[in-house]
Amino acid sequence: MTVPTSTAAGLDPAQIRADFPILAEQVHERPLVYLDNAATSQKPRAVIDALHTYYETYNANIHRGLHALSERATAEYEAARSHVASFINAAHPHEVIFTRGTTEAINLVARGWGDENVSEGDEILLTEMEHHSNLVPWQMLARRRGAQLRYIPMDDEGRIDLEAYARMFGPRTRLVAVTHMSNVLGTITPAAQIVRIAHAHNVPVLLDAAQSIPHLPVDVQALDADFMAFSGHKMLGPTGIGVLYGRESLLDAMEPLFGGGSMIRVVELHQSSWTGLPDRLEGGTPNIAGAIGLGAAVNYLQTVGMPSLTDHEHELTVYALDLLSDIDGIRLFGPPDAHERGGVISFYVGDVHPHDVGTLLDADGIAVRAGHHCAQPLMRKLGVPATVRASLYLYNTHAEVDCLAEGVARAKAFFA
Ligand code: PMP
């Protein structure tokens, strides 16, 4: 196969790679081949610099101080919120609530919206491919409120049966909570159709967008999603910062999860009242540096251009699926057609345990993930204890995919 040096869309990985200091590192005296992007992405210098600049030149708490540093920190924190809002095309910046990540964002909805709106006998629709973060909070809510979880039929490649899904709605359906892109199969779910069907029954939809927003252009208004949750660290930003996007009317009606500073209007000895969005749902000093870093990450992604990023990853995914499928005895999970999926590629080689494959790849400087990927019900459905998962991002190259395929073939031969 001919290996292009840059993609048709014009994204030049060599140029991009120069922006990521860690990609010049050696691991076990080999050049680092980083293919664990679904777990967390690497950070460009622009993000690292934004964190340094905050701590070195205007570190202060926000929304409180009447001094110059605090005013600047507040302005940069709120500018980051606006950047994220425009990145996902939210109608208002205050529809972006900063959280620690996807997990916290989903728990915020399960508590703040769920406890108010879900009662005994009500139903929540999920899929069997959810990450534990979009499963356990609903199990906890169901236990608190006596509600039921129901699972939307899907095939082993993560394709949702939309007709069966449409038939699941009844008077007790309260919420649909599904992934926008599977962190194991790579499957991109038909989010707009899922939302349209739910809205025809006046049921809101939460999309777990932890894997989609870093890799696809996402427009929350076009999707008409009610809630979306995602993590900064998977989209070039720092850890400890993420987002709950919510439709204004829903966020406005939500009970805060964290009572404390910044979220109040008036506090008396026995009662208090809350302030408006977004502060009402961000009690306590937030991750100021993290939010500023996420703002820088979003700027970086916008400068690269999400459509070219998606094209580049699509091309690499096609290439990787092609090379890997040539390896004798490999079982590739997820849709074989790259148009239905993103660059998350899970596989099992012969009867070699995924941890052994991961360890051998690591010895070659190749970072992948091996395990259940926080999706134990999906592993059970697929009939495997674990998979090896290689996941791509904008800085990955065809040569790195070659290294992966060669490494997997070597691992297979080693354990034969
Ligand atoms: N959902 C999906 C689909 C994910 O891939 C992840 C991260 N692996 C999460 C939720 C949880 O994200 P975080 O740990 O950043 O809260």
Side-chain angles (χ1 to χ4, degrees), residues 34-43 47 84 88 96-111 126-140 152 154 158 160 176-189 191 194 205-216 218 223 225 227-245 257 286-287 290-291 293-294 297-298 313 333-334 341-346 358 367-379 381-382 386-393:
Y34 188 77
L35 299 173
D36 194 17
N37 294 288
T40 201
S41 70
Q42 298 303 345
K43 323 299 173 198
V47 168
V84 174
I88 59 171
V96 168
I97 306 297
F98 284 127
T99 63
R100 277 193 302 135
T102 307
T103 306
E104 185 176 296
I106 296 174
N107 278 275
L108 200 57
V109 178
R111 284 272 177 186
L126 306 167
T127 77
E128 286 172 82
M129 66 181 148
E130 299 312 318
H131 186 282
H132 297 163
S133 292
N134 196 31
L135 193 53
V136 180
W138 308 118
Q139 292 174 346
M140 292 160 85
I152 305 167
M154 62 170 223
I160 287 176
V176 177
V178 295
T179 187
H180 191 196
M181 180 168 139
S182 165
N183 68 312
V184 176
L185 302 170
T187 319
I188 298 166
T189 57
I194 289 170
V205 178
L206 176 142
L207 292 176
D208 174 351
Q211 297 294 343
S212 60
I213 287 191
H215 303 279
L216 310 171
V218 170
L223 285 177
F227 294 112
M228 279 184 119
F230 53 102
S231 300
H233 68 94
K234 294 184 199 282
M235 53 191 288
L236 312 184
T239 48
I241 189 76
V243 170
L244 170 64
Y245 159 80
L257 188 53
N287 182 352
L294 176 56
V298 161
E313 286 181 34
F333 299 97
R341 63 183 297 157
V344 174
I345 302 171
S346 278
V368 296
R369 181 141 300 218
H372 57 62
H373 316 297
C374 298
Q376 289 182 5
L378 179 59
M379 293 296 119
K381 185 177 170 71
L382 299 174
T387 70
V388 186
R389 181 185 72 185
S391 48
L392 307 165
Y393 213 0

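Counting convention: from 1, in listed order, for ligands and their atoms alike. Note that this is a predicted model, so its numbers are computed, not measured.
Applying the side chain to side chain donor-acceptor pair (under 3.5 Å) rule to Thr99 yields no partners; only residues at least two apart in sequence or on another chain are considered. Scanning for salt bridge (Lys or Arg N to Asp or Glu O under 4.0 Å) contacts around Arg100 gives Glu104, with sequence neighbours left out. Contacts of Arg369 classified as side chain to side chain donor-acceptor pair (under 3.5 Å), with partners at least two apart in sequence or in another chain: Asp36.
The shortest heavy-atom contact between Gly290 and Asn287 is N-OD1, 2.7 Å.
With Ser212 contributing its side chain and Met181 its backbone, the two residues share no donor-acceptor pair below 3.5 Å.
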Quick one: ligand 1 N/O to protein N/O pairs below 3.5 Å?
from     : atom 1 : to     : atom 2 : distance (Å)
ligand 1 : 1 (N)  : Asp208 : OD1    : 3.2
ligand 1 : 1 (N)  : Asp208 : OD2    : 2.6
ligand 1 : 5 (O)  : Gln211 : NE2    : 2.6
ligand 1 : 8 (N)  : His131 : NE2    : 3.2
ligand 1 : 8 (N)  : Lys234 : NZ     : 2.7
ligand 1 : 15 (O) : Ser231 : OG     : 2.7
ligand 1 : 15 (O) : His233 : NE2    : 2.8
ligand 1 : 16 (O) : Thr102 : N      : 3.4
ligand 1 : 16 (O) : Thr103 : N      : 2.9
ligand 1 : 16 (O) : Thr103 : OG1    : 2.5

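None of Asn183, Asn37, Leu35 except one satisfies the side chain to side chain contact (heavy atoms under 4.5 Å, CB included) rule with Arg389; the exception is Asn183.
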